[in-house]
2 protein chains.
Amino acid sequence: MRLTRAGEYGIRCVLHLARHGKGTLVSRKEIAVRTDVPPHFLAKIAQQLARAGIIEILQGATGGYRLLTDPSKITLLAVIEAIIGEISLNDCVGRPESCHNSALCTVHRVWNKANQQLRATLQEANFATLAAEDACCLTPFPEADGHNQPSGKK
Amino acid sequence: MRLTRAGEYGIRCVLHLARHGKGTLVSRKEIAVRTDVPPHFLAKIAQQLARAGIIEILQGATGGYRLLTDPSKITLLAVIEAIIGEISLNDCVGRPESCHNSALCTVHRVWNKANQQLRATLQEANFATLAAEDACCLTPFPEADGHNQPSGKK
DNA sequence: ATATATAAGATATATTTAGTCTTATATCGA
DNA sequence: TCGATATAAGACTAAATATATCTTATATAT
């Protein structure tokens, strides 16, 4: 009952992009290095983020990824579910037909509540806020590399 | 990010026992049949429940399992965590040392909140309440055979 | 045209989950 | 005491999933 590595990587990727702001192109290689994600794995994750409309992928010699939306509009939930699908803590939440009477079942109700709460909490978190402070899953300062200055920090 | 089958089975097992009340001995075989859990798998799960102090296992020809505590005192959280260990939705929740500055990290904070909420919700649910109504994961009516008589039936 | 970057899917590896099997031990009742 | 029956415990197998890499194709700037 925990987030997969792919989900975690997706968050890191968007977090890194969010620090550069909407529309800024960042190469896959840079993201991979800064977020400590295997490049080819990142490619797969990026494709899922692109399909979900969160990022745009540009091919070619000067290609890379960039956010399609303002970071404040991107929720943690959206990114996670773009990678791992809709969250459902228990089978009977995602597939009510797997129970004979899920409408009545008290266990089912608890799972539904928990699932709803979890999704709500993840939905409240947006990437403008998340990117504003230090993030434990990124290398300390993205601007050490030169071509960007998120907020004049360091 | 979902409950394992073992966790689900553990809930079914305790739910079935809860319907018989604290202290009533029920054979593994009966539980396995009624909750649709493979008997040997149930044995492993029961051992974990016993280690957690939730049930007692009796060996021998008239052996079986029984609740050590009143169902109202047993929470969904306790049963689940007896089986799958303490819930942690993300690595950095369970192992803060895996981040460089988890105290500051905003992502970390969201996960912490979500994790806490989830555990709280599961803790609010007790098995007296859960067993009171129909449960979608058990066969309809366990009392169909009247008062339980483990040693009497074949 | 070439160099470089990503696309997409196939493949390989590792880990976790799920379930089974075997041998040992406990208890009851003849 | 012995045999029947139940669970104990852990080894073992199988399946599913997660993780990562590899290969070939395609896109773009120069």
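Every chain is numbered from 1, with letters handed out A, B, ... down the list of sequences.
- To the nearest 0.5 Å, atom NZ of residue Lys22(A) and atom OG of residue Ser72(A) are 9.5 Å apart.
- Residues satisfying the salt bridge (charged side-chain N to carboxylate O under 4.0 Å, His left out) test with Glu86(B), not counting sequence neighbours, are none.
- In this structure, Leu25(A) atom CG and dA29(D) atom P are separated by 11 Å, rounded to whole Å.
- Mapping Phe41(B) and Val26(A) onto DNA chain C by nearest heavy atom places Val26(A) at the nucleotide closer to the 5' end.
- Atom pair Arg2(A):CZ and dT17(D):P shows a separation of 18 Å (rounding to whole Å applied).
- Electrostatic pairing of Lys113(B) and Glu124(A) counts as a salt bridge here, judged by a charged N lying under 4.0 Å from a carboxylate O.
- dA16(D) atom C1' lies 19 Å from atom CE of Met1(B), rounded to whole Å.
- Across all strands, Arg28(A) comes closer than 4.0 Å to base atoms (heavy-atom distances).
- Taking the 5' to 3' direction, DNA chain C first and last meets chain A under 4.0 angstrom from a heavy atom at dT4(C) to dA10(C).
- Of the inter-residue distances, the one linking Thr69(A) atom OG1 with Ile54(A) atom CD1 reads 7.5 Å to the nearest 0.5 angstrom.
- Separating the CG atom of Leu42(B) from the P atom of dA9(D) is a distance of 14 Å, rounded to the nearest angstrom.
- In this structure, the OH atom of Tyr65(A) is 14 Å from the C1' atom of dA27(D), given to the nearest Å.
- Residues Thr121(A) and Gln117(B) have side chains that bring a donor and an acceptor to within less than 3.5 angstrom of each other.
- Under the side chain to side chain donor-acceptor pair (under 3.5 Å) criterion, Arg66(B) pairs with Glu56(B), not counting sequence neighbours.
- Ala46(B) comes within contact range of no nucleotide atom at all, as no heavy-atom separation falls under 4.0 Å.
- Regarding Glu8(A), its CD atom lies at a distance of 16 Å from the C1' atom of dA20(D), rounded to whole Å.
- Shown here are the side chain to side chain donor-acceptor pair (under 3.5 Å) partners of Tyr65(A), two or more places apart in sequence or in another chain: there are none.
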Scan the side chains in residues 38-53 of chain B for donor-acceptor partners under 3.5 Å anywhere in the protein, sequence neighbours excluded, and list what turns up.
from: Gln47(B); atom 1: NE2; to: Ala43(B); atom 2: O; distance (Å): 3.4
from: Gln48(B); atom 1: NE2; to: Ile83(B); atom 2: O; distance (Å): 3.1

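- What separates NE2 of His40(B) from C1' of dA6(D) is a distance of 11 Å, to the nearest Å.
- Near DNA chain D, defined here as any heavy-atom distance below 4.0 Å, the residues from residues 56-64 of chain A are Gln59(A), Gly60(A), Ala61(A), Thr62(A), listed numerically.
- Between Lys44(B) and Gly7(A), it is Lys44(B) whose nearest contact on DNA chain D lies nearer the 5' terminus.
- A distance-only check finds no donor-acceptor pair linking the side chain of Asn126(B) to the backbone of Ile74(B) [under 3.5 Å].
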